[in-house]
Amino acid sequence: MPRQELEELQLERLKKIVSYVYERVPFYHDNMQKLGVKPEDIQTLADVAKLPFTSKLDFRDNYPFGLTCVPQNEIVCVHSSSGTTGKPVIAPYTQKDIDTWAELVARSLACAGITREDILQNAYGYGMFTGGLGLHNGGKQLGAAVIPASTGNTKRQLMMIQDLGTTAISCTPSYALILHESAQELGIDLYNSTLRIGILGAEPWSENMRADIESKLGITALGIYGLTEIMGPGVSMECPHKSGMHIWEDTFLAEIIDPITGKPLPYGEQGELVITTLTKEAQPILRFRTKDITSLNIETCACGRTMARMARITGRSDDMIRVRGVSVFPSQIESVLLTVEGIAPQYMIVVDRQNAFASDELEIWVEVSESIFSDEMTLMTALQMKLQRELDSVLGVKARIKLVEPRKLARTEGKAKRVVDRSELPRL
Ligand code: DLL
């Protein structure tokens, strides 16, 4: 769709959704009144900036159904975020919401090059997490054969890939590496298997991590993005040109704001992604502050799609670490680590939360790869110094590196936990 037509459609839908929530949800009604804005004040897309933001905290304050617009008997399914502390985010859907979601995931998979000829092994967790059922319903909608593998049981996952001829795998990037590690242990050659595409998301990963996964699994690794508050996976998806994830803008209005001032930023500038849902029935959300740091590009992609692309997420504004006043994101550290030979793509960044994330020095635990690990101190010290130098020059801050024996750091089958508080450190 030409962008002008797309923007007309967005405006029409935005106007509708703003009146819809204004009439139904006291939270939006009150917040709009506080700002002195009425639904009829939305006359252009830029007017979205007049609307109040919604944050994760607002979900907590309105737990569980305070943001919901429909009576309970119209809700056909409820998902939730993992929520490690406090109450999780609750995401209710009507049948129409579920259908739209399946359609958007099907569109995402098609965008990645998957067809009804493919066998999609879905290794995102099934249950209340949106990854499992989201990819499941979208895969079926496309007509691919979906294997509901869920997370874990890596040996069986590998057996299914081999026996069923799996051609596409959906999982977190960190789990793709676990699959490779286990395959190696079992003498299975994943590189030459039937696998050809990876639909990877749910956690930040770097361009170097992509290269590593592609070279180890012999696949094209593409990013999928989404979040519970907005829908689940399938908000945006990379095409094989690998130049950003196409946001399905007929359904979502995306903005980039300055995370400190909250002011909208122009296309191309990096800031916090804010999303308004344009068609949701059960729980539409106005201007959700995702905390995800990215930028938008509206140039037509080489694939021909006109919908804006969001750049790889460099991190979450709440994952940002301040070292001597310099902002550092875990993904920047990952990028550096993966360029140094002898380092396994497993690491942990240690922070002192009591110290409000502000420290004088970065502490990073890094696993050494099996091929290079040695008891000889001089070798390991040289590697440590090399890493220190690289991190110093790229990040501009001092890093204290602790080298860890191969396979010593904990593996997670879901989202990888890269930033760990000192009080939670494992004993090695
Ligand atoms: O992780 C939904 C999902 C499932 C996405 C499967 C992709 C695949 P939540 O648990 O609510 O939902 O977490 C959402 O995860 O705000 C980002 O910080 C992060 N995230 C999701 N996809 C990506 C990605 C699911 N491709 C939060 N790159 C988001 C980087 C991502 N971060």
Side-chain angles (χ1 to χ4, degrees), residues 54-56 59-60 78-85 87-91 101 104-105 108-109 111-112 120-139 148-151 168-176 198-207 209-210 213 221-239 242 244-248 252 254 259 272-275 277 283 285 288-295 309-320 329-332 334-335 412-419:
T54 308
S55 72
K56 218 181 187 83
F59 279 80
R60 289 232 169 112
V78 179
H79 279 275
S80 87
S81 72
S82 44
T84 41
T85 49
K87 295 283 190 194
V89 166
I90 294 294
W101 185 12
L104 292 181
V105 173
S108 303
L109 295 173
C111 171
L120 172 67
Q121 189 158 323
N122 184 20
Y124 285 116
Y126 280 63
M128 289 193 83
F129 177 53
T130 55
L133 283 166
L135 264 294
H136 184 94
N137 291 335
S150 197
T151 43
I169 181 121
S170 43
C171 60
T172 55
S174 50
Y175 192 65
I199 305 291
L200 310 185
E203 64 185 18
W205 54 313
S206 61
E207 208 46 52
M209 175 80 91
R210 186 209 310 265
I213 293 172
L222 301 173
I224 185 165
Y225 171 82
L227 57 170
T228 316
E229 291 85 350
I230 295 300
M231 180 179 78
V235 170
S236 66
M237 176 80 217
E238 241 177 346
C239 70
K242 299 180 187 166
M245 296 179 278
H246 291 279
I247 303 178
W248 306 129
F252 307 107
E272 179 180 340
L273 177 67
V274 169
I275 304 178
T277 66
Q283 194 165 277
I285 301 295
F288 181 65
R289 292 195 58 161
T290 66
K291 303 251 173 120
D292 292 323
I293 306 293
T294 180
S295 60
R309 284 167 277 160
M310 55 187 268
R312 178 178 291 287
I313 291 172
T314 44
R316 291 179 54 79
S317 54
D318 49 6
D319 246 4
M320 196 173 78
F329 285 107
S331 60
Q332 289 174 287
E334 177 182 300
S335 271
T412 41
E413 285 157 355
K415 293 173 190 260
K417 194 160 184 228
R418 305 294 191 195
V419 182

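All ligand and atom numbering here is 1-based and tracks the order in the structure. Starting from 1, each residue takes its place in the sequence as its number.
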*Would you tell me which option among G234, G226, C171 has the nearest heavy-atom contact to atom 2 (C) of ligand 1?*
G226
*Among all protein heavy atoms, pick the one closest to atom 28 (N) of ligand 1 and tell me residue, atom and distance.*
E203 O, 3.4 Å
_Closest approach of any protein heavy atom to atom 1 (O) of ligand 1, naming residue and atom_ = K415 NZ, 2.8 Å
_atom 26 (N) of ligand 1 [closest protein heavy-atom partner, distance rounded to 0.1 Å]_ = I224 O, 2.7 Å
*Could you tell me whether E207 and R312 make a salt bridge, using a distance below 4.0 angstrom between a side-chain N and a carboxylate O?*
yes
*Give a yes or no on whether the backbone of A91 and the side-chain of H79 come within a donor-acceptor separation of less than 3.5 Å.*
no
*Run the numbers for me: atoms of ligand 1, each under 4.0 Å from some heavy atom of R316, listed by number.*
16 (O), 18 (O)
_Are the side chains of I213 and W205 in contact, using a 4.5 Å heavy-atom criterion?_
yes
*Pick one of side chain, backbone, both or neither for how L227 approaches ligand 1, counting any non-hydrogen atom pair under 4.0 Å.*
both
*For atom 16 (O) of ligand 1, which protein heavy atom lies nearest, and how many Å away is it?*
D292 OD2, 2.7 Å
*What do we get for Y225 next to ligand 1 when only non-hydrogen atoms under 4.0 Å count, side chain, backbone, both or neither?*
both
*Considering only non-hydrogen protein atoms, determine which one is nearest to atom 11 (O) of ligand 1 and report residue, atom name and distance to 0.1 Å.*
T228 OG1, 2.5 Å
*Quick one: which ligand 1 atoms are inside 4.0 Å of a heavy atom on P204?*
30 (C), 32 (N)
_The criterion is salt bridge (Lys or Arg N to Asp or Glu O under 4.0 Å); which residues satisfy it with K415, sequence neighbours excluded?_
none
*Proximal ligand 1 atoms for F129, defined as those under 4.0 Å from one of its heavy atoms*: 1 (O), 4 (C), 10 (O), 25 (C)
_Return the closest protein heavy atom for atom 19 (C) of ligand 1 as residue, atom name and distance._
A202 O, 3.8 Å
*Quick check, are the ring centers of Y126 and H136 under 6.0 angstrom apart?*
yes
*If you measure from each non-hydrogen atom of R312 to ligand 1, which part falls under 4.0 Å: side chain, backbone, both or neither?*
neither
*Ring center gap for F59 and F288 short of 6.0 angstrom*: yes
*Should P233 and T130 count as side-chain neighbours, where that means a heavy-atom distance under 4.5 Å?*
yes
*Using distance alone, determine whether T290 and ligand 1 share an N or O pair under 3.5 Å.*
no
*Atom indices of ligand 1 within 4.0 angstrom of T130 heavy atoms, with elements*: 2 (C)
_Regarding W248 and S108, do their side chains bring together a donor and an acceptor under 3.5 Å, going by distance alone?_
yes
*With sequence neighbours excluded, tell me which residues meet salt bridge (Lys or Arg N to Asp or Glu O under 4.0 Å) with R316.*
D292, D318
*ligand 1 contact on K291 by region, counting heavy-atom pairs under 4.0 Å*: neither
*Just checking, any donor-acceptor pair under 3.5 angstrom between side chains of S174 and E203?*
yes
